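A quick note: this is a predicted structure, and the numbers were derived from the prediction, not measured. The chains referred to below are lettered A, B, ... by the order of the sequence lines, with proteins before strands, and numbering in each begins at 1.
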Number of protein chains: 2
Amino acid sequence: MQISSRFTIAIHIFTCVEVFKENYSVTSDFLSGSINVNPVVIRRILQQLTSAGLIEVKRGKGGGITVKKPLDKISFYDIYKAVECVDNGELFHFHDNPNPECPVGRNIHAVLDGELSDIQTAMEISMRKKTIADVIKSAKKRIEEEKQK
Amino acid sequence: MQISSRFTIAIHIFTCVEVFKENYSVTSDFLSGSINVNPVVIRRILQQLTSAGLIEVKRGKGGGITVKKPLDKISFYDIYKAVECVDNGELFHFHDNPNPECPVGRNIHAVLDGELSDIQTAMEISMRKKTIADVIKSAKKRIEEEKQK
DNA sequence: TAAAGTGTAATGTCAATGGTTACAAAACAT
DNA sequence: ATGTTTTGTAACCATTGACATTACACTTTA
């Protein structure tokens with residue numbers, strides 16, 4: 001299976017907040033326009049990001065999103081964890097009931113667990129290296145370049 | 001989301017074939033017993049592995065599974081690719097229609113694509129390093145150790 | 001107090017995963 | 001040839017997660 005679009009949407013949200021906060025009130029409706037998904041979907045993601053302590057959301061007129069951590073301290077991994085509701089944080093879904101009376105069945109878990117977590121770790125390390133700051137830098141650069149044409 | 005249990009089941013299958021081929025006819029029913037899933041589910045996975053050219057399956061009495069490549073040439077990645085039907089092979093599901101009239105919306109794809117594929121590559125490299133041979137070695141060792149107690 | 005926004009419940013659709021039954025087709029042993 | 005074993009597959013079903021959508025209560029501020 002794929003990592004859900006909530007992940008890329010979340011990054012999109014951070015980018016919009018940063019790019020537009022000076023000139024617009026960045027609400028779930030506003031974001032909905034840029035991202036092209038229903039505002040409620042956005043709000044659900046905002047809540048997950050709030051629960052993870054990455055942002056704060058205010059209601060009412062002039063309300064909106066405040067990022068709670070320095071952008072270069074928010075990694076892809078933080079967002080992934082906030083937004084992806086994976087069972088126990090396990091990337092791999094192990095088949096549940098191997099037969100304990102079979103020598104392979106009763107050992108397969110012990111044999112594989114380490115290997116699988118190596119793979120998961122490789123992915124997570126790579127995610128930790130990337131931050132929102134990188135994305136925003138690169139986005140701003142592209143937007144500037146567009147203007148010059 | 002998680003990588004489906006088909007992946008760990010496939011590895012379980014290879015291990016059983018290797019461990020039991022001398023003494024048993026390793027059929028989908030036999031495997032069903034060790035893995036504890038329905039034989040049809042096993043057969044579906046066997047077909048995916050066949051399509052990937054990793055094994056051959058024979059029908060009828062005495063039929064069963066033949067592994068078509070050296071065990072140390074079958075990596076976790078090969079199995080992952082065979083068994084996990086991911087859209088385009090993309091690990092991340094990008095939200096489909098960012099608004100092209102928004103500066104962020106029309107650039108987000110270009111900005112993120114490279115980063116996401118870095119992450120996916122990290123995971124895949126790590127998967128390529130692990131082979132069925134490793135698993136079987138480790139499984140046989142454990143089974144031996146069990147006998148000595 | 002009205003307007004602007006978020007929080008959240010309820011509902012619906014869609015796709016993927018897995019389970020299960022059933023049976024045809026193949027391969028082999030006798 | 002015939003029966004037996006085993007795979008290939010179709011046809012269901014249930015469950016789950018993802019997203020979309022409507023609706024409305026609750027907050028906050030002007």
Side-chain angles (χ1 to χ4, degrees), chain A residues 1-10 12-13 16-17 20-21 24-33 35-51 55-66 80 83-88 90-98, chain B residues 1-10 12-13 17 21 24-33 35-51 55-66 80 83-88 90-98:
Chain A
M1 263 303 288
Q2 287 183 303
I3 289 166
S4 100
S5 65
R6 269 176 276 132
F7 179 73
T8 55
I9 292 176
H12 192 144
I13 290 172
C16 280
V17 168
F20 295 119
K21 68 182 174 189
Y24 297 90
S25 181
V26 183
T27 67
S28 61
D29 262 32
F30 178 91
L31 289 165
S32 166
I35 299 174
N36 235 322
V37 291
N38 195 285
V40 176
V41 174
I42 308 259
R43 281 181 226 151
R44 285 199 274 249
I45 294 171
L46 289 178
Q47 277 198 76
Q48 295 181 290
L49 297 173
T50 303
S51 301
I55 61 171
E56 219 172 57
V57 182
K58 266 185 229 141
R59 296 183 176 191
K61 219 169 204 168
I65 298 157
T66 319
Y80 171 72
V83 136
E84 198 69 23
C85 25
V86 182
D87 202 30
N88 274 328
E90 300 286 343
L91 178 59
F92 294 90
H93 177 9
F94 217 111
H95 49 292
D96 295 321
N97 306 304
Chain B
M1 264 305 287
Q2 288 183 303
I3 289 165
S4 100
S5 65
R6 269 175 277 134
F7 180 72
T8 55
I9 292 176
H12 192 144
I13 289 172
V17 168
K21 67 181 174 188
Y24 298 90
S25 179
V26 182
T27 67
S28 61
D29 262 33
F30 178 92
L31 289 165
S32 168
I35 300 173
N36 233 324
V37 292
N38 194 286
V40 175
V41 174
I42 310 257
R43 281 181 226 152
R44 286 200 274 244
I45 294 171
L46 288 178
Q47 277 201 75
Q48 295 182 291
L49 297 173
T50 303
S51 301
I55 61 170
E56 219 171 57
V57 183
K58 265 186 231 141
R59 295 182 176 190
K61 219 170 205 167
I65 298 156
T66 319
Y80 172 71
V83 135
E84 198 69 22
C85 25
V86 181
D87 201 30
N88 273 329
E90 300 286 343
L91 178 58
F92 294 91
H93 176 11
F94 217 111
H95 49 291
D96 294 321
N97 306 304

Would one find a side-chain N or O of B:Arg43 under 4.0 angstrom from OP1 or OP2 of D:dT9?
-> no

Should the ring pair A:Phe30 and A:Phe20 be called parallel, tilted or perpendicular, given that the plane angle runs from 0 to 90° and is split at 30 and 60?
-> perpendicular

Point-to-point distance, once rounded to the nearest 0.5 Å, from CG of A:Asp96 to CG of B:Asn36 | 9.5 Å

OP1, OP2 of D:dA18 versus side-chain N and O of A:Ser5: anything below 4.0 Å?
-> no

Could you grab the distance from atom CD of B:Gln2 to atom CZ of B:Phe7, nearest 0.5 Å is fine?
-> 13.0 Å

Tell me: CD1 of A:Ile42 to P of C:dG5, nearest whole Å?
-> 15 Å

Are the side chain of A:Ser32 and the backbone N or O of A:Val37 linked by a donor-acceptor pair below 3.5 Å?
-> yes

From A:Leu46, A:Thr66, A:Val17, residue fulfilling side chain to side chain contact (heavy atoms under 4.5 Å, CB included) relative to A:Ile55 = A:Leu46

In whole angstroms, the gap separating P of C:dT17 from CD of B:Glu84 amounts to 6 Å

Nucleotide-resolved protein contact map, nucleotides 25-30 of chain C, B/S/- at heavy-atom distance under 4.0 Å | BSBS--

What's touching nucleotides 12-15 of chain C from the protein side, N or O pairs under 3.5 Å?
none

Just how far, in rounded Å, is C1' of D:dA20 from CD1 of A:Ile35?
-> 15 Å

Are B:Asn38 and C:dG18 close enough that a side-chain N or O sits under 4.0 Å from OP1 or OP2?
-> no

Candidates D:dT6, C:dG18, C:dA10 - which lies nearest the side chain of A:Arg44 = C:dA10

Atom-to-atom span, CG of A:Asp96 to C1' of C:dT17 - whole angstrom | 12 Å

Would you give the length of the straight line joining atom CG of B:Leu91 to atom CD1 of A:Ile3, rounded to the nearest 0.5 angstrom?
-> 4.0 Å

What are the two closest non-hydrogen atoms of A:Val83 and A:Ala10, and how far apart are they?
-> CG2-CB, 4.2 Å

How many Å lie between CD on A:Gln2 and P on C:dT17, as a whole number?
-> 11 Å

Describe the nucleic acid contact of A:Val57 in one word from base, sugar-phosphate, nothing, applying a heavy-atom distance below 4.0 Å.
-> sugar-phosphate

Smallest heavy-atom separation, A:Phe94 atom then B:Ser5 atom, equals C-CB, 4.3 Å

Does a nitrogen or oxygen in the side chain of A:Gln47 sit under 4.0 Å from OP1 or OP2 of C:dT8?
-> yes

D:dT6 OP1/OP2 closer than 4.0 Å to side-chain N/O of B:Thr27 = no

From CG (A:Leu31) to CZ (A:Arg43), nearest 0.5 Å | 11.0 Å

Take atom CD1 of A:Ile45 and atom P of D:dG17, then tell me their distance rounded to the nearest Å.
-> 17 Å

Please determine, by modelled atom types, if B:His93 and A:Ser4 share a side-chain donor-acceptor pair under 3.5 angstrom.
-> no

Rounded to whole angstroms, how far apart are CG on B:Asn97 and C1' on D:dC19?
-> 13 Å

Nearest-nucleotide check on DNA chain D, B:Ile65 vs B:His93; residue mapping nearer the 5' end is B:Ile65

Rounded interatomic separation in angstrom, taking CG from B:Asn36 and P from C:dG19 | 9 Å

Using only side-chain N and O atoms of B:Ser25, determine if any of them is under 4.0 Å from OP1 or OP2 of D:dT5.
-> no

